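Each chain gets a letter, A, B and so on, in the order the sequences are listed, and its residues count up from 1. Just so it is clear, the structure is predicted and the values come from calculations on it, not from any experiment.
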Amino acid sequence: MESKALIYYICRLKFYVFVMESILKEKIKEAIKSLYNSEVADSLIQIQETKKDFKGDFTLVVFPILRFSKNTPEQTGIEIGNYLIENFSVFSEYNVIKGFLNLIISDSWWVELFSKMSQVKDHCASCMVDNPQTILVEYSSPNTNKPLHLGHIRNNLLGYSLYRILSTCGHRVIKTNIVNDRGIHICKSMLAWIKFGNGETPETSGMKGDHLVGKYYVLFEKELKQQSEQLLKKGIDEETARNSAPLMLEAREMLLKWEAGDKEVFDLWTMMNSWVYKGFNETYEKLGVDFDKIYYESDTYKYGKEIVSKALNSNILYKNSDSSVWADLTSDGLDQKLLLRSDGTAVYITQDLGTACIRHEEFNFDKCIYVVGNEQNYHFQVLKAILKKMGYQWADGLIHFSYGMVELPEGRMKSREGTIVDADDLIKEMTDTAREVSLELGKLENYSNEEREEIFRQIGLGALKYFILKVDPRKNMTFNPVDSIDFNGNTGPFIQYTYARIRSVLKKATENNLKEDLMSVTSVKQTDKELQLIKILRKFPFVVSEAAVAYSPAIIANYCYDLSKEYNQFYHDHSILSDEDENIRSFRLVLSRVTSEILNSGMSLLGIEMPERM
RNA sequence: GGCCCUAUAGUUCAAUGGAUAGAAUGGAGGUUUCCUAAACCUUAGAUUCAGGUUCGAUUCCUGGUAGGGCUACCA
């Protein structure tokens, strides 16, 4: 992940590509050259949007220019302001407050711009990058011993949204998943199932497959705890007790058998995994995410072991006296890292090495973005360092998209305390709440059950997705179940509602045979609120580009909220269909239509569906 | 112990080194004969502490405090 400073640097470069900002900067440089006979470095021309409380569109921070003007901030601002007004017609006025030169762009320029925007089919078209890349996005990465939970939901939503955003910007994006389907954890579930399962299957139990396998994992841990407690009483320390308990020894043995290809173990493993995959697929489908290519650790770990042996032969790695294999990363400021156990079995990172190589051979990617929680920051440092050590230069393109943990109001989710929020339960609860709220408000009374259920689903998921995606991915977030089902304020349903109201107006316009006349855009006199709406609509492509560079769906989420808020104010203060003036009616129709299109595009980049009515 | 991350209204989130730190929610009050009141309006309320760099610091640097993570022959 690039540093924050670098991200902003890139953003700024990109922004100047866009029309108004680049014009502004050039004109200001021209003004300074003419007034003070000085060439100014770009970095000294600081342009920002004017704060709401002041009159203006763009603001030049004058302080850095003082070294050229050798004058007070006030005077310098006035001089530059006068020059711009006299020489360039896009500027209609200016004012100087303290060290800030507030420039006002003429209304006609904004209106002209909006007129063009209203004829554009794809509002993301200008986000296309000049150099498209091949990018793999890895997300979800479940273990096959437990169902998906709230943490996976954040992961999946971020990964999927990242895919939407990057591909909208013109990159070739491949959605991938690595399923951690082997290892000691799945042996634990298998062992418990053999011992206590009595042949139970998803069919006989009526349980979703991933939940059923999860049940046996929990059972294993419970039994193991009892066994370790027995040993603890004999005065053995906790760690040793856990590791030497009979169940644990059996699980280890099973892992060895699995790696040796023991048929009985392998068949059981295949069966139980197939239950889990069926369950996962249901959850993914409900969540609206999918993958282009799914990798399985059970395939890739072999290749991982191969490249480890190869590197061992080239003396890049070393073998310990107990024949475990290690990488020495002290020269990179990291530690020694185990790559193969003394019994020759692979560890977690071994398969990640293999997976990375396989992916590179398969896709020759420019970047491979791992959507994985920040608890694995060290893991990815190590992964990259080892690959580089092995001579794979492309490892520079591995990016750990390190997102923050999801916590509950009472702290971290803990399986031992039963506070894990299950993904399937959560999705269901959100839909149920949407249904409850809608019915209570008496909405959708004249629609069929199927239509209503579809809308409840969209609202429930919209609420969940927005609640999670509006937060800066890098930060830990608190998931408060009570807040998450609130559909008022800064929420997904608020934005969906704004959209649904617009769609309703547009529908009514069609019914009443009111048509858009694009000439109306330039022929009417806009109100302040209308101009404000135009100005925020214009920012959409900037926002998408910024989100792509910063890997942050949150930027788009917050934009959609701002836009909705702005539109709702407009909607409240203006009538659209019942205004007397035909041109005004038409213009407001265009304004509403473009708003709905941009809201829809923005939310679809978050993977959120928009109901036509609600 | 070592390394990393975080700290903003009661709460959940915003804020390129720039102006009077924005929203939402909760609190108090108001708006519907009119295109969906899941809306709109008014109001009170915050940068963890101590230094430093700077014309200017929530933002950058150092230290303290508090919280979280990593430091497995777990994944």
Side-chain angles (χ1 to χ4, degrees), chain A residues 4-5 7-9 11-12 15 46-48 50-54 59 61-64 66 73 97-100 102 141 143 145 180 182-186 239 243 252 297 320 322 324-326 333-335 338-343 345 347-349 351-352 373-379 381 402 404-405 407 409 411-412 434 437-438 440-441 443 459 467 470-472 474-480 482-484 486-491 493-494 496-498 500-509 512 554 558 561-562 564-565 568-569 571-579 588 592 613-614:
Chain A
K4 202 172 177 185
I7 287 168
Y8 285 128
Y9 176 71
C11 288
R12 256 180 252 145
F15 276 50
Q46 292 179 26
I47 298 163
Q48 53 191 257
T50 304
K51 299 250 181 204
K52 249 191 170 168
D53 300 331
F54 301 90
T59 297
V61 183
V62 183
F63 296 107
L66 300 184
I97 298 166
K98 295 185 186 171
F100 300 90
N102 299 320
S141 324
N143 292 346
N145 60 330
N180 298 130
R182 52 138 240 136
I184 193 80
H185 60 284
I186 182 69
E239 203 188 325
N243 285 327
R252 285 251 168 68
E297 187 183 327
N320 220 341
D322 64 3
S324 55
V325 178
W326 296 75
L334 304 166
D335 285 326
L338 175 93
L339 299 181
L340 291 177
R341 295 191 184 96
S342 49
D343 63 8
T345 54
V347 291
Y348 180 57
I349 201 164
Q351 64 77 26
D352 247 342
N374 61 16
E375 59 196 346
Q376 294 197 35
N377 285 354
Y378 183 74
H379 171 79
Q381 268 185 44
S402 166
M405 301 283 93
E407 287 168 11
R412 202 178 173 181
V437 173
S438 293
E440 203 169 293
L441 291 172
K443 305 263 180 177
I459 296 171
F467 188 83
K470 74 172 175 188
V471 182
D472 182 340
R474 291 162 198 78
K475 292 191 176 173
N476 288 2
M477 65 171 290
T478 305
F479 185 87
N480 186 331
V482 178
D483 291 350
S484 73
D486 190 347
F487 294 168
N488 302 314
N490 189 356
T491 64
F494 172 91
Q496 290 174 318
Y497 178 69
T498 309
R501 283 209 300 197
I502 298 176
R503 295 298 298 170
S504 169
V505 169
L506 297 182
K507 198 172 151 225
K508 228 160 231 160
N512 298 344
N558 286 311
Y561 173 69
D562 290 341
S564 297
K565 205 169 165 50
N568 282 337
Q569 287 165 3
Y571 182 92
H572 184 265
D573 297 342
H574 300 67
S575 50
I576 300 165
L577 301 178
S578 47
D579 196 277
R588 289 180 182 164
S592 300
R613 54 190 102 90
M614 64 186 273

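- The A:Ala500 side chain lies nearest to B:U36 when the options are B:U36, B:C13, B:A39.
- Counting heavy atoms from C-beta outward, A:Tyr348 and A:Asn180 have side chains that approach closer than 4.5 Å.
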Enumerate all atom pairs, one protein N or O and one N or O from nucleotides 68-72 of chain B, separated by less than 3.5 Å.
unit_1: B:G69; atom_1: OP1; unit_2: A:Arg412; atom_2: NH1; d: 3.2

Please produce a list of atom pairs where a protein N or O lies less than 3.5 Å from an N or O of nucleotides 26-34 of chain B.
none

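- A salt bridge links A:Asp472 to A:Arg474: one of the charged nitrogens lies within less than 4.0 Å of a carboxylate oxygen.
- Nucleotide B:A24 holds its P atom 10 Å from the CG atom of A:Asp562, rounded to whole Å.
- Within the nucleic acid shown, A:Ile576 comes within 4.0 Å of at least one base atom, counting heavy atoms only.
- Straight-line distance from the CE atom of A:Met477 to the P atom of B:U6: 17 Å, rounded to whole Å.
- Nucleotide B:C74 holds its P atom 13 Å from the CG atom of A:Leu340, rounded to whole Å.
- Using bins of under 30°, 30° to 60° and over 60° for the plane-to-plane angle, the ring pair A:Phe100/A:Phe63 lands in the perpendicular bin.
- At the phosphate of B:A37, OP1 or OP2 sits under 4.0 Å from a side-chain N or O atom of A:Arg501.
- With sequence neighbours left out, the side chain to side chain donor-acceptor pair (under 3.5 Å) criterion links A:Ser564 to no other residue.
- For A:Tyr378, there are no side chain to side chain donor-acceptor pair (under 3.5 Å) partners two or more places apart in sequence or in a different chain.
- Side-chain nitrogen and oxygen atoms of A:Arg613 include none within less than 4.0 Å of the OP1 or OP2 phosphate oxygen of B:C35.
- For A:Asn558 and B:A14, the shortest distance from a side-chain N or O to OP1 or OP2 is not below 4.0 Å.
- To the nearest 0.5 Å, the span separating NE2 on A:His574 from OH on A:Tyr571 amounts to 13.5 Å.
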For nucleotides 18-20 of chain B, list the nitrogen or oxygen atoms of the protein found under 3.5 Å from its nitrogen or oxygen atoms, one pair per line.
unit_1: B:G18; atom_1: N7; unit_2: A:Gln46; atom_2: OE1; d: 3.0
unit_1: B:A19; atom_1: OP2; unit_2: A:Lys51; atom_2: NZ; d: 3.2
unit_1: B:A19; atom_1: N6; unit_2: A:Thr59; atom_2: OG1; d: 2.8
unit_1: B:A19; atom_1: N6; unit_2: A:Asn102; atom_2: OD1; d: 3.2
unit_1: B:A19; atom_1: N1; unit_2: A:Asn102; atom_2: OD1; d: 3.1
unit_1: B:A19; atom_1: N1; unit_2: A:Asn102; atom_2: ND2; d: 3.4
unit_1: B:U20; atom_1: OP1; unit_2: A:Lys98; atom_2: NZ; d: 2.8

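- Annotated stems with RNA chain B as a participant read B:1-7 with B:65-71, B:10-13 with B:22-25, B:27-31 with B:39-43, B:48-52 with B:60-64, given as range with range, by first number; only runs of 3 or more Watson-Crick or G-U pairs under 3.5 Å qualify.
- When each of A:Leu577 and A:Val437 is assigned the nucleotide of RNA chain B bearing its nearest heavy atom, the one mapping closer to the 5' terminus is A:Leu577.
- With hydrogens and angles ignored, a donor-acceptor pair closer than 3.5 Å exists between the side chain of A:Ser438 and the base of B:A38.
- Across all strands, A:Arg252 comes closer than 4.0 Å only to sugar-phosphate atoms, never to a base (heavy-atom distances).
- A:Gln569 has no side-chain polar atom (N or O) that falls below the 4.0 Å cut-off from OP1 or OP2 of B:A39.
- Contact annotation: A:Arg503 side-chain N/O to B:C35 OP1/OP2 distance is not under 4.0 Å.
- The phosphate of B:A24 has OP1 or OP2 within less than 4.0 Å of a side-chain N or O from A:Lys565.
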